[in-house]
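Throughout, numbering of the chain's residues begins at 1 and tracks the sequence. Counting starts at 1 for both ligands and their atoms, following the listed order. Just so we're clear, the structure is a prediction, and the values are computed from it rather than from any experiment.
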Amino acid sequence: MSRPNLFGMSTGALAALVAERGEPAFRARQIYAWLYHRRVREVGAMANLPKPLRSALAEAFELRWPEVAERALSFDGTRKYLFRLDGGATIEAVYIPEDDRRTICISTQAGCPLKCAFCLTGIAGYKRNLRAWEILGQVATVMEEHPVSATHPHRRGEDPFPWNIVVMGMGEPLLNYEATVEALRILMDEEGFGVPPRKLTLSTVGILPALEKLAHEPLRPNLAISLHAPDPGLRRALMPIEEKYPFDRVIEAALRYPIPRGGLVTFEYVLLGGVNDTVAHARELARRLGGQRAKVNLIPLNPAPEIPFQAPTPEAVDAFGQALATAGVTVSVRRPRGRDILAACGQLHLQKGAPAPVPAQT
Ligand code: SAH
């Protein structure tokens, strides 16, 4: 039997563990800070714990992040991480540097059961839900490997490249609710990773009961809804989940979701050449969303041989965006990042003959 992992344990679990050992309650907060704020890799490094407690913990528990099996570096600086999990399943996380911030895209499931027609993750099938420590470990690994460079002078305590986290990797986060929310809680906690809720975005197709629950959590991330069609009929053809959680109810639930700081709900719309990318589609989308506290993020399809769709032309993307803007809908276009290493949206999957891994940045 393997020992339980300290990494991933919630405040409550740590409090129980400390109480069980007859230790004072503040020890739980100390361990929590070492795990998620300082992010040490071994119990021995928890300097303010008495030595006997450290030894006892090291004996009873392990402290472990998921194992990085491969790293791939894109020409644009995007870096993809392949983790090999216990039991052999693999997942991916992506580090995306930008001018004024750094984004980490994380996975919540190994594979995905949703089978959206344009997404490689679904084509590869579904293995299992991730546990909270496997979700947190992706963030911890990427953050550890990308400390703010000493060559960028900045004022004390001010991060010139604040972290953003997007739950947009493999899997459907709201089909793995407990582990995902447990991980998000620790990520957003000031005593934990300290990523402000407005810098964290969860993307979902709109699993309605889970979305309702998320809306009632005390700490909530931003919400992005994968809509991808301007009407239920076309959405059903692209996304089988439409049968279960239909278009109108998903939009309605999303608009009721309390975004941090009164921000807007994002609707993601992957543009498939000749399928859902005409001005007529844009007008219909605007009609359905118009006047609401919503914005649309257009994602030109990242094509792949296994995906039976074409990318839209740049002209179609422009015209679609223009039509939305003219109708008064706030719109942005997502720039593809890391396409050459299959790290862009919808490209995360087990790749045979993937590009050669590169060593970690030093
Ligand atoms: N299951 C969640 C999380 C995945 S997020 C969700 O569906 O929202 C990944 C985003 O990339 C989703 O909006 C997804 O629809 C989109 N996507 C999937 N395949 C894509 C592709 N080939 N090109 C561009 N975007 C894609």
Verdict with reasoning, E134 to R131, per salt bridge (charged side-chain N to carboxylate O under 4.0 Å, His left out): CA-CA 5 Å; E134 294 168 327; R131 284 170 291 176; 3.6 Å; yes
Nearest neighbour in protein (non-hydrogen) for atom 9 (C) of ligand 1: M168 O, 3.5 Å
Protein residue, atom and distance nearest to atom 10 (C) of ligand 1, heavy-atom basis: E268 OE2, 4.1 Å
Among P113, S203, G206, G122, closest by any non-hydrogen atom to atom 2 (C) of ligand 1: S203
Residues which pass side chain to side chain contact (heavy atoms under 4.5 Å, CB included) with Y126, listed by chain and number, not counting sequence neighbours: Q109, P113, N129
Nearest non-hydrogen protein atom, atom 23 (N) of ligand 1: N302 N, 2.9 Å
C119 neighbourhood, listing ligand 1 atoms whose heavy-atom distance to it stays under 4.0 Å: 18 (C), 19 (N)
Heavy atom of the protein closest to atom 13 (O) of ligand 1 (residue, atom name, distance): S226 OG, 2.8 Å
Face-on cation placement of K80 at Y95 ring, 6.0 Å and 45° thresholds: no
Selected option - heavy-atom contact closest to atom 20 (C) of ligand 1, from G171, A117, G346, A311: G346
Atom 15 (O) of ligand 1 [closest protein heavy-atom partner, distance rounded to 0.1 Å]: H228 NE2, 2.6 Å
Geometric class of the F83/Y81 ring pair [parallel <30°, tilted 30-60°, perpendicular >60°]: parallel
S2 versus E62, side-chain donor and acceptor atoms under 3.5 Å: no
